[in-house]
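From a predicted model like this one, the values you see are computed outputs, not experimental measurements. In what follows, chains are A, B, ... by sequence order, proteins preceding strands, each numbered from 1.
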Amino acid sequence: MNVKAPRGTNDILPPLSLQWQYVEKVYRDLMAVYNYHEARTPIFEYTELFQRGIGDTTDVVEKEMYTFTDKGGRSVTLRPEGTASIVRAFMENKLYGQSLPVKFYYIGPMFRYERPQAGRFRQFHQLGVEVFGSNDPALDAEVIILGINYLNKLGLKNLQLYINSIGCPECRKEYFRVFRTYLEDYHDVLCKDCQGRLERNPMRILDCKEESCSKAVKEAPRVLDYLCDDCREHFEEVKVYLNNLGLDYIIDPNIVRGLDYYTNTVFEVKYAGLGAQDTVLAGGRYNGLAEELGGKAVPGVGFAMGMERLMLTLEKESAELPGEPDLDLFIVTIGDKAKKAAFKYIYQLRNKGYISEIDYMERSVKSQMKAADRMNAKYTVILVEDELCKGKAILKNMQNGEQMEISLDNLVEEIEEYIK
RNA sequence: GUGGGUGUAGCUCAGUUGGCUAGAGCGCAGGAUUGUGGCUCCUGAGGUCGUGGGUUCAAGCCCCAUCACCCACCCCA
């Protein structure tokens, strides 16, 4: 075996896959309660969608996309995130004509060409939501509480919510002017990346980890202090709704998010102890994205969370997760005729919903019992070829070791009686 | 893309200054119990020592390269 899974990809196998299914089910169930419904969009899109949506100057677009040319000569890209596609789908299907807001959720794989590390992979999975058509701060708060509500449902407690507002393009104009003026004195101190950002994307200097940059920025003016009246009011309202629910949060003026489409509210939910990649859930409002993609101006807000990080967090918290369920029963057979009969009975039992197994390895009785035990079978049925003619089989309770004779004629019914 | 660490059986890991047929525990298979699990005991299967070069009489061990994984940077979920 010399072919391995590509770097940064993972096989999700049992029992892990059962945990994934559980986590997804809790998600879907909660979404239904909040009246969010699933949107399934293509896993690849025309490259242009992400270039325009996420932003040409972002790291994701500049160096992390899986982009290739298809046989028709079109440039397509494996989606690096979910929002752009869903906005595209919303516009393309003219859903703005519906009663608003429209609430979606999604689950699926995303792709980014990066060096893997703890909590980060090249193919990873996100659970997300997107709400379109309203600028109501109540929706910002709803999306936040929905995310936290979900994480709590999974048993996570030690979470910290960080929020900020980065305003709209209007108030950012004034802010950028002040910010750039402030940074003029520090120009030479900034790292190369940030010197470039000064022109193209000044806000991202705020969350640069380079020591000289974070020093330079320490006393810098903050977006929060330059919000226009509407944006300030909007952020205040979001906070009112959060306070209303008694939700704890930290206002962190330095979270600005790495994707260009965010406006107003941005937030992150972190879990300490995950390592460097400690953001489990993140999102914000993106009122300009639809228009940026060439559609009408439709406001939106949403979040995304990383499945792999979520699973890491659940592990750290020792959250209760389901494993493979115990067997209801295992049919042990002695002899070929018994095996044939068992094959029929197990079909009937499975039809009734009992989780059941028989031996496929030509094992001895002892080994079949062992196998049954390994699978935590609650009962075993022992079918002996020589005794089929007597019309009897043995039913054994694996918990207390008791066994009894049951008749073959209505074997399934008799078993049902005892199993209940 | 950059830096550091690791790579020996299915899993977790030993392997002494390079020296004979590469080990343990767990797991798996069979048996002790000629038709019955969990405990115990016995036996067995299973290894290109990540891969490719090199040094050497001799390499799991030393050197180089490469790949993968882990961790961190950048960035992000």
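For the C1' atom pair drawn from C13(B) and U17(B), the interatomic distance equals 23 Å after rounding to whole Å. When the C1' atom is compared between U21(B) and U56(B), the two are found 22 Å apart, to the nearest whole Å. Going from the P atom of U51(B) to that of A68(B) covers 15 Å, rounded to whole Å. On the P atoms, A24(B) is 35 Å away from C67(B), given to the nearest whole Å. Comparing A32(B) with A14(B), their C1' atoms sit 31 Å apart, to the nearest whole Å. Comparing the C1' positions of U33(B) and C69(B) gives a spacing of 46 Å, expressed to the nearest Å. Between the P atoms of U8(B) and U43(B), the separation comes to 28 Å (whole Å). The same atom, P, is picked in C62(B) and in U6(B); the two are 11 Å apart, to the nearest Å.
Taking a cutoff of 4.0 Å between a charged side-chain nitrogen and a carboxylate oxygen, E357(A) and R350(A) qualify as a salt bridge. Salt bridge present: E38(A) and R40(A) bring a charged side-chain N and a carboxylate O closer than 4.0 Å. Look at R88(A) and E45(A) and you find a salt bridge, because one of the NZ, NE, NH1 or NH2 atoms lies within 4.0 Å of a carboxylate O, short of that distance.
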Self-check item: Base-pairing string, 5' to 3', of RNA chain B - Watson-Crick or wobble, under 3.5 Å, | interstrand
Solution: (((((((..((((.....[...)))).(((((.......))))).....(((((..]....))))))))))))....
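Across all strands shown, R112(A) has heavy atoms under 4.0 Å from base atoms, whether or not it also approaches the sugar-phosphate. Across all strands, T380(A) comes closer than 4.0 Å to no nucleic acid atom at all (heavy-atom distances). Among the protein residues, G128(A) comes within range of no part of the nucleic acid, since none of its heavy atoms lies under 4.0 Å from any strand. When heavy atoms are screened at a 4.0 angstrom cut-off, E268(A) is found touching no nucleic acid atom at all. G82(A) comes within 4.0 angstrom of no nucleic acid atom, judged by non-hydrogen atoms across all strands. Among the heavy atoms of the strands, none lies under 4.0 Å from Y379(A). Contact annotation for R115(A): base contact, defined as any heavy-atom pair under 4.0 Å involving a base atom. At a threshold of 4.0 angstrom between heavy atoms, the contacts of Q403(A) include nucleobase atoms, whether or not backbone atoms are also involved.
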Exercise. Could you walk me through whether K390(A) and E405(A) pass the salt bridge (Lys or Arg N to Asp or Glu O under 4.0 Å) test, one step at a time?
Key: CA-CA 11 Å; K390(A) 295 181 194 160; E405(A) 275 201 337; over 6 Å; no
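Geometric assessment of R122(A) against the ring of Y113(A) yields a positive cation-pi assignment under the 6.0 Å and 45° thresholds.
Between the side chain of K366(A) and the base of U36(B), no donor-acceptor pair of N or O atoms lies under 3.5 Å. In terms of polar N and O atoms assigned as donor or acceptor, the side chain of D373(A) never comes within less than 3.5 Å of the base of G38(B) in a complementary pairing. Side-chain atoms of E387(A) and base atoms of G35(B) include a donor and an acceptor less than 3.5 Å apart.
A heavy atom lying under 4.0 Å from RNA chain B marks none of the residues of residues 25-47 of chain A. Listed by residue number, D59(A), K63(A), E64(A) are the residues of residues 52-69 of chain A with a heavy-atom contact under 4.0 Å to RNA chain B.
As a whole-Å value, the separation of K396(A) NZ from G38(B) C1' is 10 Å. For the pair K370(A) NZ and G37(B) P, the computed distance is 8 Å after rounding to whole Å.
Ranking C74(B), U36(B), C70(B) by closeness to the R120(A) side chain, first place goes to C74(B).
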